[in-house]
Protein chains: 2
Amino acid sequence: MVKQETQREQTASMEDYLEAIANLGAGKKVVRVKQISDMLGVRMPSVTSALKRLSEQELVEHERYGHIELTPEGAKVASEVIDRHEALAHFFAQALGIDQATAEEDACKIEHVISPLGMERLAKFVEFMEACPMGGANLPDRYEYYLEHGELPQDCVKKGVKET
Amino acid sequence: MVKQETQREQTASMEDYLEAIANLGAGKKVVRVKQISDMLGVRMPSVTSALKRLSEQELVEHERYGHIELTPEGAKVASEVIDRHEALAHFFAQALGIDQATAEEDACKIEHVISPLGMERLAKFVEFMEACPMGGANLPDRYEYYLEHGELPQDCVKKGVKET
DNA sequence: TATAATTGTTAGACGCGTCTAACAATTAGG
DNA sequence: CCTAATTGTTAGACGCGTCTAACAATTATA
């Protein structure tokens, strides 16, 4: 039995198109070339040619001057990208305390290159940070203090965790 | 007075070449096309053509069949990339507990796309985590426990941080 | 509904970064 | 020191992803 090897692995650009189409189409809304072009900051012919490629890979259905829709396979890829995006943006914004715009920007880039393990651990880490409040002074708060004052807050050294 | 706007901003590929040259040349060692080609996993003509481009931008000095060296400007760019690389690899390995190989791999990709703010905060975060041990049960340890057992260790909720 | 505005497509160009094939220079061994 | 092996370069092709210019279809409006 020969290894099918679908050679599925999208470029960053194609992932961006899939992501945009998924986001624009969320809630059954009709998706237009112009919207995609605006959302991604490219010209319309770039969108048309991307749609052609994605159609050839069966990730998108597109009829001339008409309907644009993700295939089930395309939707799957898109949702994976979107999941990564959200976890990353959440990490940057909540854990690192970065402004939403920059957090999104970084998420948009990193979502295309991070390893599955890196992704998984990052998500777990955020979960952990949020679940492990250490009483009233939780980690994000202490981190924020550290960012602001450049030194550790009291409760990092004095309070908390004596060895009992 | 017109805005000089040096339009300096390297592609991921060019940053990789600069990084490789810096690493290979560390400690005055002679740098060869073949080494760069092996290190980056590309063929030699790709290296030659990259060197040509980087020379045109005054980031590298290269004489035919001979000497390869970073200019001061090139060395500066390289060292910025290397700094990002190291901070990222450190974060993935130490903070997230990812194996060295994967941590390096992720660092190699993300170093080319992360924002300055993201970078700065990530570094600060690692610093904070390492400086804020919370007594004997420090954050990385507790995180490790969480990874292993899927639930918070005792000292996240019971011990530590009562509101005094 | 005829026409204007908008949206979408096609054709073709271009820059980047890679490759292979062929050849040239350099280096190492007999 | 000559020859073989290695290293490096040139020439030219190619795929990706973008663009502009020109045209075509669709939609909105007077």
Side-chain angles (χ1 to χ4, degrees), chain A residues 5-21 24-25 29-70 74 77-78 81 108-109 111-113, chain B residues 5-21 24-25 29-70 74 77-78 81 108-109 111-113:
Chain A
E5 193 56 274
T6 321
Q7 188 58 20
R8 184 57 78 259
E9 176 71 18
Q10 292 307 308
T11 62
S13 275
M14 292 307 115
E15 287 187 350
D16 280 337
Y17 285 107
L18 293 172
E19 194 179 8
I21 294 167
L24 289 169
K29 283 191 286 294
V30 167
V31 179
R32 314 268 235 108
V33 170
K34 182 88 187 336
Q35 295 177 292
I36 301 173
S37 131
D38 287 345
M39 174 167 291
L40 297 182
V42 299
R43 301 297 197 156
M44 285 198 294
S46 306
V47 176
T48 302
S49 96
L51 291 176
K52 189 172 160 240
R53 283 203 208 145
L54 294 170
S55 297
E56 282 159 2
Q57 296 182 265
E58 318 260 49
L59 296 173
V60 158
E61 266 173 44
H62 177 214
E63 54 194 40
R64 218 161 158 271
Y65 291 99
H67 204 138
I68 298 171
E69 198 177 14
L70 296 174
V77 175
V81 176
C108 280
K109 300 306 197 82
E111 70 192 14
H112 304 299
V113 301
Chain B
E5 193 56 275
T6 321
Q7 189 58 22
R8 184 56 78 262
E9 176 71 19
Q10 293 304 311
T11 62
S13 276
M14 292 307 115
E15 287 186 350
D16 280 337
Y17 285 107
L18 293 172
E19 194 180 10
I21 295 167
L24 289 169
K29 285 190 285 291
V30 167
V31 179
R32 316 265 236 110
V33 170
K34 182 89 187 334
Q35 295 178 291
I36 302 172
S37 128
D38 288 344
M39 175 168 290
L40 297 182
V42 300
R43 301 297 197 157
M44 288 199 292
S46 305
V47 176
T48 302
S49 97
L51 291 175
K52 189 172 161 241
R53 281 202 210 147
L54 294 169
S55 297
E56 281 158 3
Q57 294 182 266
E58 317 259 53
L59 296 173
V60 157
E61 268 173 43
H62 178 214
E63 54 194 39
R64 218 161 158 271
Y65 291 100
H67 204 134
I68 298 171
E69 198 177 14
L70 296 174
V77 175
V81 176
C108 279
K109 299 305 198 82
E111 70 191 13
H112 305 299
V113 301

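The structure presented is a predicted model; accordingly, all values stated were derived computationally and were not measured. Naming: A, B, ... by sequence-line order, numbering from 1 per chain.
- At a non-hydrogen distance threshold of 4.0 Å, A:Val42, A:Arg43, A:Pro45, A:Ser46, A:Ser49 from residues 34-50 of chain A come into contact with DNA chain D.
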Counting only pairs under 3.5 Å, give me each side-chain donor-acceptor contact of residues 29-41 of chain A, with atom names and distances, residues two or more places apart or in other chains.
residue, atom, partner, partner atom, Å
A:Lys29, NZ, A:Ala26, O, 3.0
A:Lys34, NZ, A:Asp38, OD2, 3.4
A:Gln35, OE1, A:Arg32, N, 2.8
A:Ser37, OG, A:Val42, O, 3.0

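- Atom-to-atom distance recorded for A:Ile68:CD1 and A:Ile21:CD1 is 6.5 Å, nearest 0.5 angstrom.
- Each of C:dA25, D:dG17, C:dG8 was ranked by its minimum atom distance to the side chain of B:Tyr65; first place goes to C:dA25.
- A:Thr11 is linked by a side-chain contact (heavy atoms from CB on, under 4.5 Å) to A:Ser13, A:Met14, counting only residues two or more places apart in sequence or in another chain.
- Following rounding to the nearest Å, A:Lys52 (NZ) and C:dG8 (C1') show an atom-to-atom distance of 15 Å.
- In this structure, CD on A:Glu19 lies 11.0 Å from CG on A:Leu70, to the nearest 0.5 angstrom.
- Within the 4.5 Å cutoff, no side-chain heavy atoms of A:Gln10 are placed close to those of A:Val81.
- Listed by chain and residue number, A:His67 satisfy the side chain to side chain donor-acceptor pair (under 3.5 Å) test with A:Glu69 (two or more places apart in sequence, or in another chain).
- Between A:His62 and C:dG8, a side-chain N or O to OP1/OP2 separation shorter than 4.0 Å is absent.
- Between the P atom of C:dT9 and the CD1 atom of A:Ile68 lies a distance of 7 Å, rounded to the nearest Å.
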Which pairs, protein N/O on one side and nucleotides 1-5 of chain C N/O on the other, fall under 3.5 Å?
none

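- Taking only side-chain nitrogens and oxygens, B:Arg64 never comes nearer than 4.0 Å to OP1 or OP2 of D:dG8.
- Residues B:Glu111 and B:Glu15 come closest through the heavy atom pair O-OE1, 4.2 Å.
- In this structure, B:Asp16 CG and B:Lys109 NZ are separated by 9.5 Å, a value rounded to the nearest 0.5 Å.
- The CD atom of B:Glu63 sits 14 Å away from the C1' atom of C:dA25 (whole-angstrom rounding).
- Base pairing of C:dA22: its partner is D:dT9, meeting the Watson-Crick or G-U wobble criterion (both donor-acceptor distances under 3.5 Å).
- When the side-chain nitrogen and oxygen atoms of B:Tyr17 are compared with OP1 and OP2 of C:dC16, none of them lie within a distance under 4.0 Å.
- The separation between A:Arg53 atom CZ and D:dG15 atom C1' is 8 Å, rounded to whole Å.
- Nucleotide C:dG30: paired with D:dC1 (Watson-Crick or G-U wobble, both distances less than 3.5 Å).
- Rounded to whole angstrom, the span from the CE atom of A:Met14 across to the P atom of D:dG15 amounts to 15 Å.
- Put simply, B:Arg32 has a side-chain N or O that comes within less than 4.0 Å of OP1 or OP2 on D:dG8.
- Contacts of A:Lys52 classified as side-chain contact (heavy atoms from CB on, under 4.5 Å), with partners at least two apart in sequence or in another chain: A:Glu56.
- Contact annotation: B:Ser13 side-chain N/O to C:dC16 OP1/OP2 distance is not under 4.0 Å.
- Going from atom CG of A:Leu24 over to atom P of C:dT7 covers 14 Å, rounded to whole Å.
- Regarding B:Leu51, its CG atom lies at a distance of 16 Å from the P atom of D:dT7, rounded to whole Å.
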